[in-house]
There are 2 protein chains.
Amino acid sequence: MTAVLVIEDDDRIRLALLLALEDEGYEAVGAATAEEGLRVQRRDPADYVLVDLMLPGLDGFECIRHLRRDDDVPVVVVSARDDTHDIVAALEAGADDYIVKPVAIKELTARLRALRRRARAGVTGPAPEPVPVLAFGELEISPDGGEVRRAGKPVPVTRTEFRLLCELAEHAGRVLSRQQLLQRVWGYDSGDERLVDVHVGRLRQKIESDPATPRHLVTLRGLGYKLQR
Amino acid sequence: MTAVLVIEDDDRIRLALLLALEDEGYEAVGAATAEEGLRVQRRDPADYVLVDLMLPGLDGFECIRHLRRDDDVPVVVVSARDDTHDIVAALEAGADDYIVKPVAIKELTARLRALRRRARAGVTGPAPEPVPVLAFGELEISPDGGEVRRAGKPVPVTRTEFRLLCELAEHAGRVLSRQQLLQRVWGYDSGDERLVDVHVGRLRQKIESDPATPRHLVTLRGLGYKLQR
DNA sequence: GGATCTATGACAGTTGCGTGACAAATCCGC
DNA sequence: GCGGATTTGTCACGCAACTGTCATAGATCC
């Protein structure tokens, strides 16, 4: 598994990044200060380091120089400051990329992948690209991998079921009306809403341990369906 | 001297970039279309390529794919569009970095330098390229060596089969649609998807111990194919 | 208890996929 | 060049799986 170290003092941002990265299939570790981050990286090196510029104590630039001194790990700066001077200074200090907050997680992972292609001929060879997984209790959905697992076991779902499930998973916790699902999964602007029922039913047979009393894929009478943890 | 090729259709912007790069000590060459840029790069390869996304004729994404196909030159996208989708698409197509216009020349050169640190052999001369071997159970694929082995024994695969297998291996665990495979293996933008089926079938005959129930090269009905461990 | 909404089983039409056959294109040793 | 072997792309067929519709039964609300 590909590991990412996130050095960021703002708890909320750090947590958000960690969760998002884990959803994308990375193993993510956090550190609130440069000192802590360097210690973590020395003890248990990650494959990538994300670092904020404004940190208490040792700042981001210094942190990058230290990382560079004893390691060749790719470093991406994640900063709120969109300023040429900072960008140039960070890159000169040894960073490989610079992203301005707020971060689009898709962009971040795309940049990590681009970096991986360019990563120096490592001793370990190229790490395989992680496959993002969305988890709902014992249920795992990997939109990119095209598969669904329950308690680790693959569940055979059809294409429509899969699309339906992904759509629900993408909006986890929110209700989606039958109309919305028809629109997004089938591309129908109008149509028989019973169609959705039927497919939801079939899906429940496969992913719920007791289809009669669904725990994840629940009905909101009069509103639609939602997927929850 | 370090040479940079700038592919940009807007004369003013291209000229400004060329002049600025020359001021910074680069040797800069311009091209107004993707086609011209590709021709120039083939005849007289630059060390870096800057490319705009919106180009007449062949667009930036296609241009990047072509560059990637026959070269390993670092590519930086310079675009007016600051949109996550574009950024992700460009990086996926093979770009190494993405800068939003208007460009600060200092940032651009800093990013080029950062890229040079990471650049593979080519700029600095031929480095001993490690031959990465991708393993899938008893299956071994060495993309550089052009070899496939099953349980240590070499398997004779044809060129197309090999490229297909590499493409799948590179995105191990992810579904690739027939369209994507046609695009990436054959370079077709459209075509008969059954072609993929046939080659997958032939490949299975060779690499699967029981081709009837594939364990690695699996079909995801309605989605495509994927290679797994 | 009636009205409304939802679940589910059955069924026929459709689609998707694997396969073998075949011709064109390409490779290769001579 | 040349002829045979290999590789490649196209096609048609048949099976298996999937999809959408409908009717009916059940659940929930008021």
Side-chain angles (χ1 to χ4, degrees), chain A residues 146-148 154-168 175-227, chain B residues 146 148 154-168 175-208 210-227:
Chain A
E147 68 173 356
V148 179
V155 178
V157 292
T158 71
R159 180 181 41 164
T160 335
E161 285 159 11
F162 185 69
R163 290 208 186 124
L164 177 58
L165 187 54
C166 285
E167 198 55 47
L168 287 161
V175 198
L176 291 177
S177 72
R178 293 175 169 73
Q179 278 302 332
Q180 286 176 310
L181 290 169
L182 271 179
Q183 166 68 49
R184 299 184 190 197
V185 177
W186 282 269
Y188 296 174
D189 282 335
S190 68
D192 189 357
E193 301 192 341
R194 306 285 112 236
L195 178 56
V196 181
D197 298 18
V198 173
H199 281 275
V200 165
R202 288 175 180 156
L203 201 42
R204 282 212 263 249
Q205 297 296 325
K206 298 182 180 179
I207 65 172
E208 294 282 0
S209 46
D210 178 12
T213 58
R215 298 186 54 243
H216 298 301
L217 181 36
V218 296
T219 304
L220 283 296
R221 194 184 166 86
L223 298 175
Y225 298 97
K226 94 174 165 180
L227 192 66
Chain B
V148 179
V155 178
V157 292
T158 70
R159 195 157 42 95
T160 0
E161 283 160 10
F162 185 70
R163 290 209 291 183
L164 176 58
L165 187 55
C166 284
E167 198 55 47
L168 288 161
V175 200
L176 293 177
S177 71
R178 289 159 218 277
Q179 278 303 332
Q180 286 176 311
L181 290 169
L182 270 180
Q183 161 73 49
R184 300 184 187 193
V185 177
W186 282 268
Y188 295 174
D189 283 334
S190 68
D192 189 357
E193 302 192 341
R194 314 307 311 282
L195 177 57
V196 181
D197 297 16
V198 174
H199 281 274
V200 165
R202 287 174 180 157
L203 201 43
R204 282 212 263 248
Q205 297 296 326
K206 298 182 179 177
I207 64 172
E208 294 281 359
D210 178 11
T213 58
R215 298 187 54 245
H216 300 302
L217 181 36
V218 297
T219 304
L220 293 153
R221 199 185 166 88
L223 299 175
Y225 297 99
K226 127 180 131 164
L227 193 65

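Below, each value reflects all heavy atoms present in this structure, side chains not excepted, and no hydrogens, waters or symmetry copies. In the text below, chain A, chain B and the rest are named by the order of the sequence lines, each starting its count at 1.
Among the candidates B/L165, B/V155, B/V198, the single residue satisfying the side chain to side chain contact (heavy atoms under 4.5 Å, CB included) test with B/L203 is B/L165.
At least one donor-acceptor pair under 3.5 Å links the side chain of B/E208 to the backbone N or O of B/L217.
The side chain of A/D197 lies closest to C/dT8, out of C/dT8, C/dG18, D/dC18. Listed candidates were D/dT8, D/dA17, D/dA27. Nearest to the side chain of B/R221 is D/dA17.
Judged by distance alone, with hydrogens and angles left aside, A/R202 brings no side-chain donor or acceptor close enough to the base of C/dG9 to form a pair under 3.5 Å. Applying the 3.5 Å distance criterion, the base of C/dT6 shares no donor-acceptor pair with the side chain of A/R178.
Rounded to whole Å, the distance from CG on B/L182 to C1' on D/dT10 is 13 Å. For A/D192 and C/dC5, the CG to P distance is 13 Å, given to the nearest whole Å. With rounding to whole Å, A/H199 atom NE2 is found 14 Å from C/dG9 atom C1'. Remark: P of C/dA7 and CG of A/L220 are 11 Å apart, rounded to the nearest angstrom. Counting to the nearest Å, the P atom of C/dC28 and the CZ atom of B/R159 are 9 Å from each other. Residue B/L203 contributes atom CG, which lies 16 Å from atom C1' of C/dT19 at whole-angstrom precision. Residue A/L164 contributes atom CG, which lies 15 Å from atom P of D/dC18 at whole-angstrom precision. Going from atom NZ of B/K206 over to atom P of D/dT6 covers 11 Å, rounded to whole Å.
Heavy atoms of B/G201 sit nowhere under 4.0 angstrom from any nucleic acid atom. Using a 4.0 Å heavy-atom criterion, one finds that B/V200 contacts no nucleic acid atom at all. Residue A/R194 is classed as a base contact, given a heavy-atom separation below 4.0 Å to a base. Residue A/F162 is out of contact with every strand shown, counting any heavy-atom pair closer than 4.0 Å.
Counting only heavy atoms from C-beta outward, the side chains of B/T160 and B/H199 approach each other to under 4.5 Å.
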Full working for side-chain hydrogen bond (donor to acceptor under 3.5 Å, both in side chains) between B/T219 and B/R204: CA-CA 11 Å; B/T219 304; B/R204 282 212 263 248; 3.1 Å; yes

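A sub-4.0 Å separation between OP1 or OP2 of D/dG20 and a side-chain N or O of A/W186 is present. For B/T158 and D/dT8, the shortest distance from a side-chain N or O to OP1 or OP2 is below 4.0 Å. Proximity of A/T219 to the phosphate of C/dT6: no side-chain N or O atom is located under 4.0 Å from OP1 or OP2.
When the shell of 6.0 Å around CZ of A/R215 is examined, it contains 12 or fewer heavy atoms from other residues, nucleotides or ligands.
Comparing B/V198 and A/Y225 against DNA chain C, the residue whose closest nucleotide sits nearer the 5' end is A/Y225.
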